[in-house]
Amino acid sequence: MTTDKDTALFGNGDELPSNHSDNPHINDLIEGISRRQVIGGGMAMGMLAFLGVTMPGAGLAGQANGLLKRPGRLPFAPVAVTRADTVTVPEGFQARAFIPWGTPICGSYPAYREDGTNSAQDQAEQTGMHHDGMHYFPIDAQNGKGHNSEHGLLVLNHEYIDAPLLHPNGPTVVDGKRTVPEEVRKEINAHGVSVVEIRRPPNGDWEVVGNSKFGRRITAATPMEIQGPARGHALLSTRYSPEGTATRGTQNNCANGFTPWGTYLTCEENWAGYFASKDSEKPRELSRYGVGSNSRYAWETLEGDEFQRFDATRKAGMASGDYRNEPNHFGWIVEIDPFDPKSVPVKHTALGRFAHEGVIFAPTQPGKPVVCYSGDDSRNEYVYKYVSRDKFRPGHPDNGRLLDEGTLHVARFNADGSGDWLPLDIQDPAFQAACAAKGISFADQGDVLINTRTAADTVGATKMDRPEWGAVHPETGEVYFTLTNNTNRTEADAANPRTNNAYGHIIRWKEENQDHSGTRFGWNIFLLGGPQSDSRGPDGETLSADSIHASPDGLWFDPEGRLWIQTDMSGSQLSSGPFGNNQMLVADPESGEVKRFLVGPSGCEVTGITATPDFRTLFVNIQHPGEGSTPSNLLSTWPDGPGKRPRAATVVITRDGWRKVL
């Protein structure tokens with residue numbers, strides 16, 4: 001999500017930092033190690049060797065001393081930095097806007113209206129606002145991998161809204177309160193997830209399939225189930241579900257994931273700002289997550305149960321008589337079956353409650369546990385790993401239960417390049433000892449998971465610089481994570497030698513166990529973002545004019561092991577300086593080569609990426625073009641052209657002759 005935004009009413013800002021623990025920061029742990037050592041070898045590589053693992057390009061830093069470079073696998077001419085209000089791709093490639101906000105995809109297929117007069121019900125049958133993480137499911141992929149590259153389901157998140165553009169003249173607000181319920185319902189329906197059936201006819205362009213039996217919208221009001229250790233917990237009891245087993249809606253859906261059994265996972269990121277609590281003292285499940293006295297969109301200021309659920313203020317009576325626990329229903333990973341439009345989405349509490357940026361799976365083998373990773377996208381928060389208790393069985397109808405019974409771990413990155421996964425398990429003796437030492441208690445495992453951040457504080461996890469997207473190398477199994485930035489950091493260190501770190505970096509690690517289920521790993525820094533004067537590429541050299549960037553965010557490996565990097569710069573980095581608009585780059589971990597492949601339109605974030613199995617079509621999302629626009633002041637007119645409101649959209653990227661993208 002875009003960084004450093006205004007967090008006032010209708011602002012779209014990240015949640016304010018809420019980690020006040022004394023746990024070590026990642027930068028403190030690697031003080032004294034030179035940048036060259038961290039990126040190319042030194043202590044980190046020594047620890048990897050000690051653990052019996054290797055990384056691709058481990059000796060690349062030595063290239064500066066005359067070693068021969070491996071040939072690159074990036075066969076395109078890099079695009080230059082630009083601030084043009086368009087999508088720029090290399091020569092020989094085409095980029096076409098597809099399914100922009102407001103595209104009809106289900107129900108009565110209501111047409112998009114440029115003047116903002118679509119109704120709330122219309123919005124519930126159209127693609128939502130601000131496209132983010134997504135995945136392409138071949139139409140033959142039910143319950144597993146498919147191969148159809150001309151017909152499938154594109155499932156995508158909608159992170160948040162620009163309320164001024166959603167309505168004819170912006171939202172109606174009187175003295176800080178909302179007065180028009182229909183407007184708020186429309187805003188609620190612009191959040192969530194879209195399931196879009198798409199097809200590419202012979203010699204034609206991709207199109208939405210009309211009257212699809214799969215087309216569906218999941219919004220911030222859609223009924224959902226709660227599963228896992230926190231199901232039925234007292235802290236999940238609300239007026240809507242006194243038993244704490246059901247909830248409504250998903251929101252601030254940022255990055256995503258997909259399961260080995262063919263379902264979609266959407267992740268709830270900066271959800272805390274949707275709620276307000278006027279209580280002077282808030283419980284840790286609210287205060288540790290940044291729930292404040294005012295909400296982002298003031299939905300709770302309207303009367304009626306559908307809006308009052310966003311008011312977490314304690315009222316007289318039992319917890320089930322108010323919505324003090326409603327925020328506890330958010331911050332989870334939600335599973336959606338895209339091939340069953342009647343299925344009820346499931347919130348899996350075993351995966352922890354925090355600002356999930358996304359979720360990525362390690363390579364899953366039959367008869368082995370399911371392992372997945374997720375980052376908590378806030379300054380000074382943590383990286384997590386989940387290991388299922390039971391083993392994966394291809395085709396088994398209950399594979400979804402693998403996400404309900406297992407162990408959540410949090411990462412500790414040690415200064416010598418080693419790392420430990422610390423279990424957040426109330427039955428674990430080390431966890432019990434850490435709680436006793438700090439005088440912190442949890443009633444049960446459900447309490448641990450509802451208060452995941454507090455549990456991670458307790459065991460001494462490593463504070464990170466906004467861990468966002470992750471990706472697993474398809475051949476080597478290394479795990480890569482973007483650490484987008486941390487403008488709150490005041491002390492420089494060797495691995496990030498910049499105070500007020502606005503540039504970010506990418507970290508990677510190798511698990512000790514081949515199936516990723518162990519508790520030890522070795523790590524190093526893959527890339528330091530920034531201008532040429534203050535950056536390092538994976539080859540140990542400064543980034544070039546063809547690869548400078550800041551705030552790496554989205555991350556994805558293609559089938560041949562190339563790493564695609566998407567950026568989320570904001571503020572002054574977009575308006576001035578060397579970086580231009582947000583962009584997408586490609587890195588080859590083997591050669592250390594990095595090139596800029598795409599630059600987005602004005603004010604946008606480049607986020608979300610997936611491809612067809614034949615890799616002839618690449619889908620990339622453009623979020624909030626012209627961010628900050630109002631109907632009378634359009635800062636971008638992409639993709640519809642002059643005088644039109646900017647609309648988030650998916651970009652379909654193809655190559656001349658329908659060849660593989662790369």
Side-chain angles (χ1 to χ4, degrees), residues 98-112 118-143 146 148 151-161 185-199 206-227 246-259 261-268 306 332-348 400 608 610 619 621 647-650:
F98 186 52
I99 57 169
W101 156 52
T103 299
I105 61 170
C106 61
S108 61
Y109 286 78
Y112 168 75
N118 280 112
S119 67
Q121 183 57 39
D122 289 347
Q123 182 61 81
E125 299 172 0
Q126 301 168 330
T127 53
M129 240 184 177
H130 293 340
H131 302 20
D132 210 302
M134 64 178 165
H135 186 69
Y136 174 83
F137 292 88
I139 203 67
D140 57 351
Q142 300 184 43
N143 214 13
N148 196 314
H151 186 193
L153 304 181
L154 194 62
V155 188
L156 61 153
N157 292 344
H158 304 289
E159 185 178 3
Y160 70 102
I161 60 170
R185 292 189 186 102
K186 186 177 182 182
E187 294 170 17
I188 288 172
N189 289 341
H191 285 75
V193 176
S194 292
V195 180
V196 189
E197 185 177 359
I198 61 174
R199 178 185 288 121
W206 285 94
E207 60 188 20
V208 175
V209 175
N211 299 315
S212 168
K213 66 178 181 179
F214 300 113
R216 183 184 185 189
R217 281 300 319 284
I218 294 95
T219 74
T222 300
M224 301 189 174
E225 294 181 1
I226 299 172
Q227 294 291 351
T247 189
R248 286 174 288 182
T250 183
Q251 56 207 17
N252 212 261
N253 304 89
C254 198
N256 66 303
F258 59 96
T259 68
W261 47 92
T263 58
Y264 184 78
L265 299 176
T266 186
C267 302
E268 298 174 336
E306 61 184 311
W332 306 105
I333 289 175
V334 185
E335 184 177 15
I336 298 167
D337 185 347
F339 292 101
D340 183 1
K342 295 183 179 179
S343 61
V344 178
V346 175
K347 297 199 175 189
H348 290 290
T610 188
F619 301 98
N621 278 333
R647 302 163 71 188
T650 300

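All residue numbers refer to positions in the sequence shown, counting from 1.
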Give the intermediate values and the outcome of side-chain hydrogen bond (donor to acceptor under 3.5 Å, both in side chains) for residues T266 and N253. CA-CA 6 Å; T266 186; N253 304 89; 3.0 Å; yes
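- Smallest separation of non-hydrogen atoms from T219 and M224: O-CE, 4.4 Å.
- Contact annotation: the side chain of N252 never approaches that of H191 to less than 4.5 Å [non-hydrogen atoms, C-beta and beyond].
- Using a 4.5 Å cut-off on side-chain heavy atoms (C-beta onward), I336 and R216 make contact.
- Nearest heavy atoms, P341 versus K213: CG-O, 3.1 Å.
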Evaluate H131 against E159 for side-chain hydrogen bond (donor to acceptor under 3.5 Å, both in side chains), listing each step before the verdict. CA-CA 7 Å; H131 302 20; E159 185 178 3; over 6 Å; no
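- Put simply, the side chain of R647 reaches to within 4.5 Å of the side chain of T103, judged on heavy atoms.
- Residues R217 and T127 approach most closely at NH1-C, 4.1 Å, considering heavy atoms.
- Using a 4.5 Å heavy-atom threshold, the side chains of L156 and T650 count as touching.
- Taking the six-membered ring where tryptophan is involved, the planes of Y160 and H130 are tilted, since the angle between them lies from 30° to 60°.
- When all heavy atoms are compared, the tightest approach of F214 to V195 is O-CG1, 3.6 Å.
- Remark: K347 engages E268 in a salt bridge, criterion side-chain N to carboxylate O under 4.0 Å.
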Going through the checks in order, is the salt bridge (Lys or Arg N to Asp or Glu O under 4.0 Å) test met by E306 and R185? CA-CA 9 Å; E306 61 184 311; R185 292 189 186 102; 2.9 Å; yes
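- From N621, atom CG reaches atom NE2 of H158 across 8.5 Å, with rounding to the nearest 0.5 Å.
- The shortest distance between side-chain heavy atoms of L153 and V196 does not fall below 4.5 Å.
- Interatomic distance, N256 CG to T610 OG1, rounded to the nearest 0.5 Å: 8.0 Å.
- Using a 30° and 60° split on the angle between ring planes, Y136 and F619 fall in the parallel class, below 30°.
- Here the closest heavy-atom approach between residue A111 and residue P104 is recorded as CA-CG, 4.5 Å.
- Using a 4.5 Å heavy-atom cutoff, the side chains of M134 and N157 are not in contact.
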Would you sort out whether W101 and Q123 count as a side-chain hydrogen bond (donor to acceptor under 3.5 Å, both in side chains), showing the intermediate values? CA-CA 9 Å; W101 156 52; Q123 182 61 81; 3.0 Å; yes
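- Residues K186 and N118 meet the side-chain proximity criterion, which asks for heavy atoms closer than 4.5 Å.
- Note that CG of D122 and OH of Y112 are 12.5 Å apart. Values are rounded to the nearest 0.5 Å.
- Under the 3.5 Å distance criterion, with hydrogens and angles disregarded, a donor-acceptor pair is assigned to the side chains of T263 and E335.
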May I have the step-by-step check of side-chain contact (heavy atoms from CB on, under 4.5 Å) for V334 and L265, ending in yes or no? CA-CA 5 Å; V334 185; L265 299 176; over 6 Å; no
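- For the ring-ring contact (aromatic ring centres under 6.0 Å, His included) test, no residue two or more places apart in sequence or in another chain qualifies with H348.
- Annotation for F98: atom CZ counts as buried by contact number, over 12 foreign heavy atoms lying within 6.0 Å.
- Using a 4.5 Å cut-off on side-chain heavy atoms (C-beta onward), V155 and V193 make contact.
- Taken to the nearest 0.5 Å, the CG atom of D140 stands 10.0 Å off from the NE2 atom of H151.
- With hydrogens and angles ignored, the 3.5 Å screen pairs a side-chain donor or acceptor of E125 with a backbone N or O of S108.
- The SG atom of C106 sits 9.0 Å away from atom CD of Q126, with the distance rounded to the nearest 0.5 Å.
- In terms of heavy atoms, V209 sits closest to Y109 at O-OH, 3.6 Å.
- Within the model, atoms CD1 of I218 and OG of S343 stand 7.5 Å from one another, a figure rounded to the nearest 0.5 Å.
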